[in-house]
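To start, the structure itself, in structure tokens.
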Amino acid sequence: MKFPGSHFPPRLSPAALTALSFLLVLTFAVFTIRHRPHRPRDPSRFHSHFISSANNATLSAYLRSLTRHPHLAGTPPSLSTARLVLSHFQSLGLETRSARFRSVLSYPLHSSLSLHFPNGSAFSLPLAEPGSSGVVLPYHAYSPSGSVSSKTVFANYGREEDYEALIKLGVDVTGSIVVVRKGGDLSRGGVVRVAERAGAAAVLIYAEEDKTVRSGVERGTVMSGVGDPVSPGWAVEADNGGEVLGLEDTAVLARFPRIPSLPLSLECAEMILRQLGGASVPAEWKGSIRSTVRGVGAGPVVLNLTYQGEKKMATIQNIFAVIRGLEEPDRYVLLGNHRDAWTYGAVDPNSGTTALLDIAHRYSHMVRKGWSPRRTIILCSWDAEEFGMIGSTEWVEQNLVNLGSKAVAYLNVDCAVQGPGFFAGATPQLDDLLTEVTKKVKDPDFAEATVYEMWTKANKAINIQRLSGVDSDFAPFLQHAGVPSIDIYYGRDFPVYHTAYDTYEWMAKRGDPTFQRHVAAAGIWGLLALRLADDLVLPFNYTSYANELQGYVDVLSNLLSGSISLYPLFSSVQALHSVAKDVQTEARDLKEQETERELQALRMRGLNDRLMLAERGFLDADGLQGRRWFKHLVYGPHGDYRSKLGFFPGVADAMMSAESRGAKERGNEEGNALIQHEIWRASRAIQRAANALRGDVFSQ
Ligand SMILES: *[C@@H]1O[C@H](CO)[C@@H](O)[C@H](O)[C@H]1NC(C)=O
Ligand SMILES: *[C@@H]1O[C@H](CO)[C@@H](O)[C@H](O)[C@H]1NC(C)=O
Ligand SMILES: *[C@@H]1O[C@H](CO)[C@@H](O)[C@H](O)[C@H]1NC(C)=O
């Protein structure tokens with residue numbers, strides 16, 4: 001600092017004097033605040049304000065602007081939807097970020113389908129919804145291109161047992177085009193793979209759930225696994241590049257089916273099925289197919305299917321808004337929803353995006369009124385979910401260590417509003433929080449009732465699903481990174497799923513005419529995040545987790561023969577139970593304790609870290625056998641759709657594999673050894689979670 005000599009000592013002007021006294025007062029105030037006795041800030045006033053400030057008209061307006069045009073990932077219109085989300089966050093004064101990646105996406109170039117009669121006449125079938133120009137042609141992303149001209153066979157749900165039934169009927173599917181109705185336990189890609197193994201040359205899949213949209217065609221991906229196929233396990237940033245595998249690499253090829261497939265409308269499927277002759281359709285298959293269908297196939301007609309598609313590198317873009325935590329900026333509570341849609345995406349996914357924009361709006365208002373969260377809140381808008389959770393997966397892979405050490409929870413919303421009725425999935429330590437939050441939100445369809453009341457009334461109890469499926473962006477967070485997760489939605493099985501009819505008009509007419517379900521979904525989602533961001537002690541209950549796991553062990557003990565020991569599971573679940581109980585006591589004591597502020601803060605931080613990290617214990621570096629990317633041994637997809645277990649995917653796979661070995665010599669012995677090994681692995685994972693929750697490297 002330099003003093004101007006001639007004016008020293010300075011003569012102070014009245015303005016300078018005022019400024020000086022102001023500074024003195026300020027210094028004193030800061031000193032007093034820093035040294036006042038510890039009284040945690042009470043954010044509940046803000047939380048109540050969050051709930052009461054919802055407005056259905058705002059939500060309706062957001063949905064309208066998000067769904068003005070189709071916005072398929074990697075296409076130019078999707079950029080303007082990304083900009084819309086970004087500028088919304090910016091206009092609220094929130095810190096915004098974006099993460100751009102390169103990944104392989106897949107688009108249709110041309111497709112055709114025609115019926116050829118023995119008399120030489122041909123009939124071309126409609127593959128797209130009438131009047132749906134501007135919307136991408138119905139297709140299966142990552143289907144190979146191909147042209148097949150062949151006889152046609154109806155294969156029911158396309159499961160292995162359906163092909164076995166066809167063999168019994170004397171129908172050979174080799175080289176034929178199979179028509180499959182959606183609705184078995186198989187995924188879309190699974191249907192194509194089973195058909196491929198059965199010898200089929202191509203697959204046509206139709207959905208028959210709702211007769212009101214007979215011309216709707218369900219687009220979707222048939223790629224297996226999660227994330228960009230040419231960067232498995234790592235991310236390629238758009239601006240910096242990175243290693244990518246070739247499209248002909250065996251690891252990449254393994255993710256795509258080898259035979260072409262296309263989706264059909266119910267209307268179009270019926271035109272084909274009506275032409276089939278041959279053996280009559282088994283009684284069990286008739287369920288919902290029309291009486292006009294006489295035979296399963298080998299009729300006189302020939303079907304000619306052509307699909308031309310391209311797989312190409314595209315840029316995808318995730319958008320974020322960040323509200324930094326005041327006390328614990330390095331702990332993250334993440335709310336995520338994808339933005340890309342097959343068509344207009346009113347339900348899937350922009351009912352969720354609408355809720356995200358609204359939460360951003362209400363949070364920013366709270367910030368202006370003086371609220372700061374204790375922990376950092378990140379609102380995430382993912383790209384390319386429809387192709388296989390690519391946007392979220394690349395980001396999780398890129399940030400694995402930071403998320404692994406700092407992410408408290410991931411709250412997912414995809415098709416937030418599909419119709420009436422609340423549904424939720426969660427990792428079990430979050431069950432209590434989910435329950436508490438639904439008690440604070442008004443039910444959208446029954447005045448005077450809470451979401452909780454109607455939810456429990458509909459199910460006669462709390463019914464929380466578990467997150468073993470890979471059908472939305474929670475998959476990378478939970479199944480790869482071990483972050484406790486929640487997924488919520490209103491309604492299920494909506495009829496316009498992935499069709500050109502998933503529009504604002506459908507939502508306003510059928511899905512949510514008063515937009516009150518949007519209000520409820522946003523309320524639950526936003527309040528869950530507020531509790532996770534603001535509670536002094538994280539609202540995690542591991543006793544629920546231990547109880548849930550105990551239930552799984554009981555199920556296994558009924559299914560498995562006595563020669564397999566479940567003792568390792570019993571004992572690890574018991575260990576988790578006992579630590580969970582101690583931790584509950586510890587949390588209660590800590591909240592009541594009158595200790596010095598800094599010491600208490602440190603202790604809470606330590607406890608919260610254990611609560612956060614316990615879920616990571618379920619991860620296993622080797623992952624699931626044959627699908628190593630999936631690291632979570634309690635929740636993850638099983639490899640065989642015939643398995644009915646929704647937990648312990650490794651054990652589930654071993655049980656299915658044992659079943660198929662059973663018939664062979666020494667098959668039982670080998671099969672049991674596989675199951676026992678997977679039981680040991682699951683037990684060790686549970687023990688790791690218990691150790692992480694206890695937090696000391698030495699057991700007492
Ligand atoms: C050929 O056969 C189909 C199916 O039986 C029939 O609809 C069509 O009219 C016939 N076309 C000619 C030219 O006979
Ligand atoms: C099948 O359709 C394709 C494309 O329209 C056409 O090129 C091909 O000749 C047709 N094949 C038969 C056997 O009709
Ligand atoms: C908002 O909700 C009220 C009450 O349910 C309803 O009358 C109104 O039409 C709704 N507004 C919109 C835009 O849906």
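Heavy atoms only: backbone and side chains are in, while hydrogens, waters and symmetry mates are out. In this text, all values refer to a predicted model and were calculated from it rather than measured experimentally. Indexing begins at 1, ligand by ligand and atom by atom, following the structure's order.
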field: For Ser149, the ligand 2 atoms whose distance to one of its heavy atoms is below 4.0 Å
entry: 13 (C)

task: Please could you name the atoms of ligand 1 that Ser121 approaches to less than 4.0 Å, counting only its heavy atoms?
output: 1 (C), 10 (C), 11 (N)

- prompt: Is the closest N or O pair between Asn304 and ligand 2 shorter than 3.5 Å?
  reply: yes

- request: Determine which pairs satisfy ring-ring contact (aromatic ring centres under 6.0 Å, His included) with at least one residue from residues 47-70, sequence neighbours left out, and list them in order.
  value: His49-His365, Phe50-Tyr363, Tyr62-His88

query: Is the Trp455 to Phe422 ring centre distance short of 6.0 Å?
result: yes

task: Report yes if the side chains of Trp382 and Asn337 come closer than 4.5 Å at any heavy-atom pair, otherwise no.
output: no

task: Return the set of residues passing salt bridge (Lys or Arg N to Asp or Glu O under 4.0 Å) with Asp445 (not counting sequence neighbours), or none when no residue passes.
output: Arg517

query: Looking at Tyr157, does the NZ or CZ of Arg181 lie under 6.0 angstrom from its six-membered ring centre and within 45 degrees of the ring axis?
result: yes

- prompt: Any salt bridge between Glu386 and Arg219, counting N to O under 4.0 Å?
  reply: no

- prompt: Which ligand 1 atoms, with their elements, are less than 4.0 angstrom from a heavy-atom of Asn119?
  reply: 1 (C), 2 (O), 3 (C), 8 (C), 10 (C), 11 (N), 12 (C), 14 (O)

message: Within ligand 2, which atoms have a heavy atom of Thr306 less than 4.0 Å away?
response: 2 (O), 3 (C), 4 (C)

Sub-3.5 Å pairs, protein N or O with ligand 3 N or O:
{"unit_1": "ligand 3", "atom_1": "2 (O)", "unit_2": "Asn56", "atom_2": "ND2", "d": "2.2"}
{"unit_1": "ligand 3", "atom_1": "2 (O)", "unit_2": "Gln516", "atom_2": "NE2", "d": "2.9"}
{"unit_1": "ligand 3", "atom_1": "5 (O)", "unit_2": "Gln516", "atom_2": "NE2", "d": "3.4"}
{"unit_1": "ligand 3", "atom_1": "11 (N)", "unit_2": "Asn56", "atom_2": "ND2", "d": "2.9"}
{"unit_1": "ligand 3", "atom_1": "14 (O)", "unit_2": "Thr514", "atom_2": "O", "d": "3.3"}

- request: Using the ring of Tyr452 (Phe, Tyr or Trp, six-membered ring only), decide whether Lys457 places NZ or CZ under 6.0 Å from its centre and within 45 degrees of its axis.
  value: no

task: Not counting sequence neighbours, which residues clear salt bridge (Lys or Arg N to Asp or Glu O under 4.0 Å) with Arg531? List them please.
output: Glu436, Asp535

